[in-house]
2 protein chains.
Amino acid sequence: MTPFTPQSISDNLRRLPLFSGIPPQELVPLLPGVREFKVRAHELLFQKGDTLRGIHMLVSGQVKLFMTTPQGTEKLFTMVKPGHAFGEAVVFLDRPCPVSAEATQDSTFLIVAKDALLTMMDRNPAFARQMLASLSMRLHELMSDMETCTLMNSLQRVVSYLSHQLPESEDPACEIRLDTSKQMLASRLNLAPETFSRALHHLAEGGVIEVSGRTIRVLDTQRLKTFQA
Amino acid sequence: MTPFTPQSISDNLRRLPLFSGIPPQELVPLLPGVREFKVRAHELLFQKGDTLRGIHMLVSGQVKLFMTTPQGTEKLFTMVKPGHAFGEAVVFLDRPCPVSAEATQDSTFLIVAKDALLTMMDRNPAFARQMLASLSMRLHELMSDMETCTLMNSLQRVVSYLSHQLPESEDPACEIRLDTSKQMLASRLNLAPETFSRALHHLAEGGVIEVSGRTIRVLDTQRLKTFQA
DNA sequence: GGATTTTCTTGATTTCGGTCAAGGTTTTTA
DNA sequence: TAAAAACCTTGACCGAAATCAAGAAAATCC
């Protein structure tokens, strides 16, 4: 994990949704508290139990947040996409981190130091609101995941996941490109890889989707959403 | 659900953890945006899908947050205790509420209007931090629940729940008073009531606890935490 | 305080999804 | 581009927990 020259930092910061609403000159006092890092795929950013220096913002690449079970297997929580923050909740609570983070692709990310962040919030109420909104969003996503994992059976979970990946368009057919391996997706949906595979097979047999590698062609979005047994 | 005269509101507000760090005079501008309500047990405060006017703060009583499954059964998310807020995330996102709320006892709660809250945050950075911390806390609890529900089997879930209910003291033995019916607890732990009952029975047979109604006597906290099979 | 309803327990049975095993495919690496 | 590794699929089997059923205990209501 290698820190970087501060040159590009300002640019990267400005492009992140969390900071995009803030006038550039107001970001200046934040800069001394920001570090840029580059990591290779499979590098660990931090581990469950670590204390984080600040919030992390993914600029490019992909990072997975996961827990390790007592039996040594991994349970995936989230795939972080570029532009998104992670580790916010930890920073505001001064608690050890509940998850581990590992790059799944070569990635660039920023760490915004806790102090810098707090001063920024004090000076800039709009930014504080933005932080709140971001955390709230996270909370909603988690609720939704909780709902999926506890209220639905395996097939419904897969259908639910696919439905959420559909683009906004009204098109009855479209293509979804899975952004991770199927075993990771399975873990995220709290399924054994075998079960995930069988669910996709089942949907394909039902004529709702076509699977080829990581590309899933949805033939009828309406039927997908209401698919039973 | 009956709104109340503004007399007691100020007192109640001051007693809540979220506002306790704020000097009383700074709470004054907030007051016009606060309403007090009283509800009877079994009354519904709001439903999944509703838009909330502001954050809710429970002053006294007990409120459950739950979802209704497609099959018509209820899945309990949280039991809100006096002093705690709910509905924060919804307010900061302007989204329909993902859960329903129902009083399980006669209760008093406050609604702090969104606008009042935002102005308060703008004027008072310390309060903004407090909100952030509160939301972060919620996020951590949810993560922890997620962990319990997805990584543990039925017995471990019950053990985990009981362990979290233990008082801080070093006493090897102590008593836990369940704050809801066992079927609700089962729902919260994502178990069938029968399975929950059997888990308690199992622990009792193992000599770790004694159950009598809603009172659970833990005989050896250390053994409880490490209880297997 | 007895009747009625709700909640809890216990046993028998079923089922969904996990595990194990083996073969096929794709990707990585040298 | 061949070899190795990782990933995915499919079938057979198993097991944890849900469901079904029925009775016991507790709470609620006239």
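Lettering follows sequence order; numbering is per chain, from 1. The shown structure was predicted, so the numbers you read here are calculated from the model rather than taken from an experiment. Because only heavy atoms are used, hydrogens play no part in the values below, and waters and symmetry mates are left out as well, while side chains stay in.
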- request: Could you tell me the separation between the CG atom of Leu178(A) and the P atom of dT9(D), rounded to a whole number of Å?
  value: 10 Å
field: Contact under 4.0 Å: Ser154(B) side-chain N or O vs dA17(D) OP1/OP2
entry: yes
Nucleotide dA18(D), atom P - distance to CE of Met152(A) in whole Å: 18 Å
message: From CG of Leu151(A) over to C1' of dA17(D), roughly how many Å is that when rounded to an integer?
response: 16 Å
Nearest to side-chain heavy atoms of Glu194(B), which nucleotide of dC20(D), dC8(D), dA17(D): dC20(D)
message: If I take atom CZ in residue Phe196(B) and atom P in nucleotide dT19(D), what distance separates them, rounded to the nearest angstrom?
response: 17 Å
message: With a cut-off of less than 4.0 Å, is there a side-chain N or O of His201(A) near OP1 or OP2 of dT10(D)?
response: yes
- request: Can you tell me the distance, in whole Å, between the CG atom of Leu189(B) and the P atom of dA18(D)?
  value: 11 Å
- request: Specify the separation, in whole Å, of atom CD of Gln183(A) and atom P of dT9(D).
  value: 11 Å
- prompt: Honestly, is Lys75(B) close enough over Phe77(B), meaning NZ or CZ under 6.0 Å from the six-membered ring centre and within 45° of the axis?
  reply: yes
field: Earlier contact from the 5' end, DNA chain C, for Ser197(B) and Thr195(A)
entry: Ser197(B)
task: Measure the acute angle between the ring planes of Phe109(B) and Phe86(B), then classify it against the limits of 30° and 60° as parallel, tilted or perpendicular.
output: tilted
statement: DNA chain C: first to last nucleotide in contact with chain B (atom under 4.0 angstrom from a heavy atom), 5' to 3', is dT7(C) to dA12(C)
message: Between P on dC7(D) and CE on Met184(A), what's the gap in Å once rounded to a whole number?
response: 7 Å
- request: Would you check if Glu74(A) and Thr69(A) make a side-chain contact, meaning some heavy-atom pair closer than 4.5 Å?
  value: no
task: Round to the nearest Å and state the distance from Arg198(A) atom CZ to dG11(D) atom C1'.
output: 8 Å
Heavy-atom donor-acceptor pair, Ser134(B) side chain to Leu132(B) backbone, under 3.5 Å: no
field: Ser197(B) (side chain) donor-acceptor with Pro193(B) (main chain) under 3.5 angstrom
entry: no
- request: Report yes or no: does Glu102(B) contribute a side-chain atom to a donor-acceptor pair with the main-chain N or O of Ala41(B) at less than 3.5 Å?
  value: no
message: Quick check: His56(A) with Phe46(A) (ring centres under 6.0 Å apart)?
response: yes
message: Among dT10(D), dA17(D), dT19(D), which nucleotide has an atom closest to any side-chain atom of Asn153(B)?
response: dA17(D)
